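In listed order, ligands and their atoms are each counted from 1. For reference, positions follow the sequence shown, starting with 1. The structure presented is a predicted model; accordingly, all values stated were derived computationally and were not measured.
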Amino acid sequence: MAKLDGKVAVITGATSGLALATAKTFVREGAHVVITGRRQDRLDAAVAAIGHDVTGVAGDVGEIADVLRLADVVASEFGRVDVLVASAGVWTWNEHIGDVTEESFDAVFGVNVRGTFFTVQKLLPLLSDGASIVLIGSGAADKGDPGTTVYAASKAALRSFARTWTTDLKERGIRVNVLSPAAIDTPAFADLPPGFKERIAARVPAGRLGTEDEIASAALFLASADSSFVSGIDLPVDGGIGQV
Ligand SMILES: NC(=O)c1ccc[n+]([C@@H]2O[C@H](COP(=O)([O-])OP(=O)(O)OC[C@H]3O[C@@H](n4cnc5c(N)ncnc54)[C@H](OP(=O)(O)O)[C@@H]3O)[C@@H](O)[C@H]2O)c1
């Protein structure tokens, strides 16, 4: 039997990259996925690429009105959520403390922290007992790589959310875990300066960048009954770069 047979999964920021790969994997495993992203054209393309058992809802997780609209669509079309993957995130890698502005700080925390918080809070009434919440963190949260100050702190907040929500939601049997990728070859790497990807890959003990499908496999594990006794953890999927 498929691992997510008949489940309803909401995945934010899933028109590209590792969350799109996760959406495809979940559908292959029997789920109906509701995916989000800000740009309607990308959303339409992602829905077409997934092909079936998919619903697209355009929206910015940093805007509460958009999150409420997502909750309304899910409530009216499905009435429940069994798996929630909060992946929508903004990555900054070249802003040292002196470069950070109020605007850039708020932009990162507004999506990564506030957006994740209110996505989970507004969908909470729809979460079924025993649901699985997966927060997409980052290996950056445990490192001190230069230029990542605000981003790394924002992802560290998700690690804290997972601990507290695990106890807040234990009466409903809802599991909350963080999946922390690092060095995954996604479109987010497209704008990096020449040689940047190669320098990261050289630091990974696995000797290469990770693939979107390698994150999708880990997300499937955390979303499904395969991880039924796994709660409140931070699972690094990073080829070892954060472990050595
Ligand atoms: N790639 C890595 O090595 C890596 C490492 C650590 C953590 N991560 C985390 O993994 C997640 C996905 O990263 P990725 O590399 O797969 O990125 P990606 O390919 O750039 O995809 C990002 C997705 O999020 C959507 N998005 C961005 N901001 C949004 C917002 N405010 N509201 C709703 N959707 C939004 C984008 O669509 P629109 O732009 O149209 O909204 C797109 O679908 C992020 O949280 C990132 O921090 C990635």
(message) Students should find this: residues with any non-hydrogen atom under 4.0 Å from ligand 1. What is the answer?
(response) Gly13, Ala14, Thr15, Ser16, Gly17, Leu18, Gly37, Arg38, Arg39, Gly59, Asp60, Val61, Ser87, Ala88, Gly89, Val111, Ile136, Gly137, Ser138, Tyr151, Lys155, Pro181, Ala182, Ala183, Ile184, Thr186, Pro187, Ala188, Phe189
(request) Check the surroundings of atom CZ in Arg69: do more than 12 heavy atoms from other residues, nucleotides or ligands lie under 6.0 Å from it? (result) yes
(message) With heavy-atom distances below 4.5 Å as the criterion, would you say the side chains of Val57 and Ile35 are in contact?
(response) no
(message) By the side chain to side chain donor-acceptor pair (under 3.5 Å) test, which pairs, at least two apart or in different chains, include something from residues 204-213?
(response) Arg208-Glu214, Thr211-Glu214
(message) Can you tell whether the side chains of Asp5 and Lys3 come within less than 4.0 Å, N to carboxylate O?
(response) no
(message) Looking at Asp238 and Arg203, is there a salt bridge between them, counting it only when a charged N and a carboxylate O are closer than 4.0 Å?
(response) no
(request) Mind telling me whether Trp91 and Trp93 have parallel, tilted or perpendicular rings, with 30° and 60° as the class edges? (result) tilted
